[in-house]
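Take a look at the structure set out below.
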There are 2 protein chains.
Amino acid sequence: MGATVASAVTRSVEDYLKAIYRLSTAGQPATTSAIAALLELSAPSVSGMVKRLSEQGLLEHVPYRGVALTAAGRRLALRTVRRHRLVESYLVAYLGYSWDTVHDEAERLEHAISDELAERMATALGNPGVDPHGDPIPTADGDIAEVTGMPLSDVPEGVAVEVRRVNEHDAERLRYLASLGLVPGAVVTVTGRLPFDGPITLSTPAGTHAVGPGLAADIVCSRAAE
Amino acid sequence: MGATVASAVTRSVEDYLKAIYRLSTAGQPATTSAIAALLELSAPSVSGMVKRLSEQGLLEHVPYRGVALTAAGRRLALRTVRRHRLVESYLVAYLGYSWDTVHDEAERLEHAISDELAERMATALGNPGVDPHGDPIPTADGDIAEVTGMPLSDVPEGVAVEVRRVNEHDAERLRYLASLGLVPGAVVTVTGRLPFDGPITLSTPAGTHAVGPGLAADIVCSRAAE
DNA sequence: CGGCAACATTCGGATGTCCTAAATCCGGAT
DNA sequence: ATCCGGATTTAGGACATCCGAATGTTGCCG
Ligand SMILES: [Mn+2]
Ligand SMILES: [Mn+2]
Ligand SMILES: [Mn+2]
Ligand SMILES: [Mn+2]
């Protein structure tokens, strides 16, 4: 069975599991260096933690190759992701935070709140399906909805699409995107695209704008309703 | 000046400073064993931490005698106390917690919230002066109101007094007190007192009850308004 | 096929926090 | 004045987490 004795799920452990979950979900290999980059730690630190988490049955580690979450690891990761996204949603809905400032606060609170508080926040919010960035919120049981759609950078010209999700944590970029009207729920239409990774021009609720392909790649869209 | 390089104010450090503040304010000597009892740690652990905090200029330590907070230590302690009490107040006001369940949650959240979030909660609450237990909330500047009054165990018979503050953390006791109507703001009158530390009988908004002197000592009262 | 650069791991060490066992101190009772 | 028990500190060690330097591994590319 699970072997090993309990062993506290610390803030560090939760952040590692969450990072590995994020990489896996993004289709990227969860290598030592990718985890280290995400958590801003040295590679040896990650190597050591990976070994410990594997021994605890939270990770499957193939040396020199990378790691994958076990069922137990995935469960813990999703629990932390749920808390993170609930906290972000709550702070935006009830305490005047904006989508570019909630991340850091949630990064700490996700480790400090009880199940009780997480569920009370969820209830107060009406059990939302997504957070302010359009990221799906796992259920308390660990189910999580797929987000379907294509990056804005791939949207064909002339088609009205709705912004579903913005894969961006940087506050400045988020503020910039908001100023362009590129927020979840906005309906936008690509009006032009210049070659060689040139800017994409589009019309949004906030007017006509151009964005670089880097930013556009982080914006997930799907065909607009109706 | 402050010597030493920054050095993180961790959760442990905040809890030590808060415990020492609590003892000092209660007029009790902040000895190694008193701190250890409050934090449920061994005496050697406390000895070691006391040494470190003294070196950092947060405590004044007289070996074999006890410790006192320096100005810097007191400032940090009050900051944590403010957060603790704001969190308790917020959870009760907005998230359906009751006064017997907020303490543990606040004990963790007090270390995780930013100044920003603390002030947003304070604003949402209308900058309250006291928390759900009647404990005064320090200002962001570190000022804290005195709570004046006498323990219910000392209140003379026949005088209407108002409950100001309940110095109790135990959930069961708090629930019991609430069931007797002994909550901050309640107006009560002692109707009898039996000798040899016997029970105190009193009338409260919830009827006529008797409480032991131990519990009664934790309830701070002052003459009722009007 | 062999060499090399990139990536991963191991090694040795620092720091923070906690513990038990052993020494030491201190104040009150004899 | 001396002794003793309780409180405190010191000694020695565990554990989690991090680091830089040294060492291994892998796969590509010439
Ligand atoms: Mn985090
Ligand atoms: Mn988010
Ligand atoms: Mn605490
Ligand atoms: Mn309180």
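Only this structure's heavy atoms are used, side chains among them; waters, hydrogens and symmetry mates stay out. Every chain is numbered from 1, with letters handed out A, B, ... down the list of sequences.
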The test is side-chain hydrogen bond (donor to acceptor under 3.5 Å, both in side chains); show your working for A:H133 and A:H103 and say whether it passes.
CA-CA 10 Å; A:H133 310 101; A:H103 185 76; over 6 Å; no
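Pairs of residues two or more places apart, or lying in two chains, that qualify as side chain to side chain donor-acceptor pair (under 3.5 Å) and include a residue from residues 134-144 of chain B are B:D135-B:R165.
For A:Y64 and C:dA6, the OH to P distance is 17 Å, given to the nearest whole Å. At whole-Å resolution of the value, CE in B:M49 and P in C:dC19 are 11 Å apart.
In this structure, of D:dT26, D:dG20, D:dT17, it is D:dT26 that holds the atom nearest to the side chain of A:R65.
Between A:L58 and A:L17 there is a side-chain heavy-atom pair separated by less than 4.5 Å.
Applying the 4.0 Å criterion to OP1 and OP2 of D:dT8, one finds that B:K51 has every side-chain N and O outside that range. Proximity of B:H61 to the phosphate of D:dT9: a side-chain N or O atom is located under 4.0 Å from OP1 or OP2. Phosphate proximity of C:dG16 to B:R52: absent, as no side-chain N or O sits under 4.0 Å from OP1 or OP2. Between C:dC19 and B:S45, a contact under 4.0 Å exists linking OP1 or OP2 to a side-chain N or O. Between A:S47 and C:dT9, a side-chain N or O to OP1/OP2 separation shorter than 4.0 Å is present.
A heavy-atom distance below 4.0 Å to DNA chain C is reached by these residues of residues 10-37 of chain B, ordered by number: B:T10, B:S12, B:Y16.
The pair A:E168-A:R175 fails the salt-bridge criterion, with no side-chain N (NZ, NE, NH1 or NH2) lying under 4.0 Å from an Asp/Glu carboxylate O.
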